[in-house]
Amino acid sequence: MLNVHHSSNSLNVSQASLLADLVTVAGVSNVMTKPSQQQSYVQGAIEASADNVLAVVTPDSLVTLWRVINLCAAADTIIIAQAANTGLTGGSTPYGEYDRPLVVISMQSLRGVHLLNEATELIALPAATLQQLESTLAPLGREPHSVLGSSCVGASVIGGICNSSGGMLVQRGPAYTEMSLFARRNASGQFELINHLGVDLGTHPEEMLENLEAGTFKENLDSANSKACTNHQYQHKVRDCEADTPARFNNDPNGLYEASGSAGKVIIFAVRVATFAKPTQEQTFYISTNDADTLTTLRQQWLKSALNLPVLAEYMHKDYNDITMRYGRDTCLSMRKLPASKIGELYRLQTKIGYYLDKWRLPQTLPDRVLQMASVFMPPSLPKPLAKQSQAYRYHLIIKVANGCDNGKGNDDGNDSASHQHIAAAQAFLQLHMQQHEGALHLCTEQEAQALLVFRSAATAAMFRYHNLNHTEFGELLSTDIALPRNAVDWDESLPNHLQERVSKTFYLGHFFCHVMHQDYLLHPEVDSKKFKDDILAFYDQRHIEYPAEHNVGHVYTAKPALHSFYKKLDPTNSLNPGIGQTEKWKNWQSSPIKEK
């Protein structure tokens, strides 16, 4: 018997029938209707309304997922598909009002990875995480497209593809593939299963999905060779530091292809992506200076030189260092000691605790206060030499270089004798550069390198903690995600007076060689955050900055015309994640809800 939260008066016959059918197909334990059960699925990084959610469904097989989406289509119900729910712009959670009942489908039980071509490629199922890929590939000397920060919080492979996520790794560019298996709801409201994986799965949808999940298929090499499963152009693009356009950003039409950039407008069952040769040797450098031009010229000269691109080049301002040192201790410790799966569980637990705190009218800051008090007994966020350097200078750059690493196409260039000189060449370049400029250059030990990269990955969580615990001193926190033109030299932002007077503090970090910056503004109390956001985006427009850069539009940013058109083509009835990118929410992309006769 179905036990639902919704009262009998709140459900019409078709909705009650759909819930009963979902339970029959997915199982009663996998259909959640109580707010306490749904909380971690309907609440993301931004505050959202969940009043329209009929159910959260967690299918336990690809065939079940197929049956669930077809039930929802027959009932003319909105679907929001969700992988790991680690996004920062709310793109896989409900937001605001809708004109139809809504079902959230969480893919968290649909993990699985199939290696192809001696592990140079793989097929990832909906809930396969970057951390799962790292564990699978490490013994084979390979690694996934994205590592570090995204993998620490349990981000999914498909989530990265859907959102064209970029991340820290300079050589690889945004997550991208032209090879996927997805269900598209056509103009007549029916789901079509489209196989562009380059493998023969059969002909009937359920047969195809059973074969995919079991890994019983053969590669179709002719099909595979005609499509790309990574971004092959990015290395050339990022090196062009004279170009007046950004290297990567979410509204870039060149990054949109079926599953890639789809943001939930199709149901993705699997993607085929490249893997990358794991470096044989790595060296991390910590560069600090009080002169912004020192980093500006370093970036330009490196990108124009014959030096191999670094593995990463991460920028942090001293102000961000300060709060991460103080408010990031527990996050740094958990990232160093716990596997990503446990960290993901902690995030979900925190969301659930937040639900009960709100229900019992207790302070939402209570968990942060407890953790912050406990953190004083934890190890410092950085080893002493790095901590001292991080406090002594204003601008900081973490650069990692490698020998025997991939060339951006998933191939190992270790057979090239020059590949074993990359670290030596980079070190010589940096030492000469810092001799000619003011600042410090520190060659990190392996332990220092790990601590430094965890420190960088923990920074955003430290910022949220800082704001939560000091919210009485500030107004709202506005975070932006921007892509500067490749030829821009004004990365050390100076706000005009009409903006600066509304800001209490600014905090900056970013992916420096890619010129992607994450900027946080703590506003003064009583400042209208919506008006400030409009004004700061207008300021970005004047500087020819694109936004968002890599966190995708979610419910925070507007999808520009090319992206808007892409969404409409993928989802002609506007039934999957409607409203994404502040687009129309209504059925068939109407400008207002259709009134029932």
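These values consider heavy atoms only, across backbone and side chains, with no hydrogens, waters or symmetry-generated copies. Small disclaimer: the values here were computed from a predicted structure and weren't measured.
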Next item on the list: Starting from the C-alpha separation in whole Å, work towards a yes-or-no answer on side chain to side chain contact (heavy atoms under 4.5 Å, CB included) for E493 and R543.
Entry: CA-CA 11 Å; E493 184 176 77; R543 297 164 62 197; 2.8 Å; yes
Item checked: Distance (rounded to the nearest 0.5 Å) between S381 OG and M335 CE -> 11.5 Å
Item checked: Any donor-acceptor N/O pair, N552 side chain to G554 backbone, under 3.5 Å -> no
Item checked: 4.5 Å side-chain heavy-atom contact, L62 and L125 -> yes
Notebook entry, point to check: Would a distance-only check, ignoring hydrogens and angles, find a side-chain to backbone donor-acceptor pair under 3.5 Å from R184 to E258?
Noted result: no
Note to self: If you define the side chain from C-beta out and look only at heavy atoms, does anything of V556 sit under 4.5 Å from D481?
What the structure shows: no
Note to self: Could you check whether any side-chain heavy atom of V57 comes within less than 4.5 Å of a side-chain heavy atom of L65, counting everything from C-beta outward?
What the structure shows: no
Check: Judged by atom type as modelled, is there a donor-acceptor pair below 3.5 Å linking the side chain of N211 to the main-chain atoms of L201?
Finding: yes
Next item on the list: For S260 and T177, indicate whether the former's side chain and the latter's backbone hold a donor-acceptor pair under 3.5 Å.
Entry: yes
Checklist line | Where at least one partner belongs to residues 106-131, residue pairs that pass ring pair (Phe, Tyr, Trp, His ring centres under 6.0 Å), sequence neighbours excluded | finding: H114-F217
Notebook entry, point to check: Can any side-chain N or O of E314 pair as donor or acceptor with the backbone N or O of F512 at less than 3.5 Å?
Noted result: no
Item checked: Beyond-backbone contact of P578 with Y98, side-chain heavy atoms, under 4.5 angstrom -> yes
Note to self: When you measure from the side chain of D200 to the backbone of G202, do you find a donor-acceptor pair of N or O atoms at a distance under 3.5 Å?
What the structure shows: yes
Note to self: Evaluate Q582 against H564 for side chain to side chain donor-acceptor pair (under 3.5 Å), listing each step before the verdict.
What the structure shows: CA-CA 9 Å; Q582 301 177 357; H564 192 167; over 6 Å; no
Check: Can any side-chain N or O of D571 pair as donor or acceptor with the backbone N or O of Y567 at less than 3.5 Å?
Finding: no
Margin query: Within the structure provided, determine whether F276 and T230 are in side-chain contact (heavy-atom separation under 4.5 Å).
Written below: yes
Item checked: Q131 and S135: CA distance, side-chain angles, deciding distance, side chain to side chain donor-acceptor pair (under 3.5 Å) verdict -> CA-CA 6 Å; Q131 190 274 339; S135 301; 3.3 Å; yes
Checklist line | Among R142, R272, K227, the one residue meeting salt bridge (Lys or Arg N to Asp or Glu O under 4.0 Å) with E121 | finding: R272
Item checked: Candidate pair N308 and V401, rule side chain to side chain contact (heavy atoms under 4.5 Å, CB included), full reasoning -> CA-CA 8 Å; N308 235 37; V401 294; over 6 Å; no
Note to self: Donor-acceptor pair, distance only, cut-off 3.5 Å: does the side chain of E143 make one with the backbone of K278?
What the structure shows: no
Next item on the list: Go through the steps to decide whether N574 and K265 satisfy the test side chain to side chain donor-acceptor pair (under 3.5 Å), and finish with yes or no.
Entry: CA-CA 8 Å; N574 201 22; K265 301 303 283 184; 3.0 Å; yes
Next item on the list: Look at the aromatic rings of Y508 and Y521 and report parallel, tilted or perpendicular, splitting at 30° and 60°.
Entry: perpendicular
Check: Side-chain donor-acceptor pair under 3.5 Å between T480 and Y540, yes or no?
Finding: yes
Checklist line | Approximate separation, where rounding is to 0.5 Å, of T64 OG1 and I105 CD1 | finding: 11.0 Å
Notebook entry, point to check: Looking at side-chain heavy atoms only, is the closest gap between W302 and P310 below 4.5 Å?
Noted result: yes
Notebook entry, point to check: Does the side chain to side chain contact (heavy atoms under 4.5 Å, CB included) test come out yes or no for I123 and L212, once each step is laid out?
Noted result: CA-CA 9 Å; I123 290 176; L212 172 61; 4.0 Å; yes
Checklist line | Trace of the side chain to side chain contact (heavy atoms under 4.5 Å, CB included) decision for S457 with M168 | finding: CA-CA 10 Å; S457 299; M168 296 185 183; 3.6 Å; yes
Notebook entry, point to check: Any donor and acceptor pair, going by atom type alone, linking the side chain of N403 with main-chain N or O of H422 inside 3.5 Å?
Noted result: yes
Notebook entry, point to check: Rounded to the nearest 0.5 Å, how far apart are CG of L576 and CD1 of I267?
Noted result: 4.5 Å
Next item on the list: Report yes if the side chains of R248 and H511 come closer than 4.5 Å at any heavy-atom pair, otherwise no.
Entry: yes
Note to self: Would you compute the distance between atom CG of L312 and atom CD1 of I399 and round it to the nearest 0.5 angstrom?
What the structure shows: 8.5 Å
Item checked: S565 (side chain) donor-acceptor with A562 (main chain) under 3.5 angstrom -> no
Next item on the list: Please confirm whether F507 and H317 have ring centers closer than 6.0 angstrom.
Entry: no
Check: With side chains defined as the heavy atoms from C-beta onward, is the minimum distance between R172 and Y234 less than 4.5 Å?
Finding: no
Note to self: For a quick check under 3.5 Å, do Y95 and N577 share a side-chain donor-acceptor pair by atom type?
What the structure shows: no
Notebook entry, point to check: Quick one: salt bridge (Lys or Arg N to Asp or Glu O under 4.0 Å) pairs with a partner in residues 507-520, sequence neighbours left out?
Noted result: none
Margin query: As a quick check of understanding, evaluate salt bridge (charged side-chain N to carboxylate O under 4.0 Å, His left out) for K304 and E242, giving each step before the final call.
Written below: CA-CA 10 Å; K304 292 177 181 179; E242 300 298 328; 2.6 Å; yes
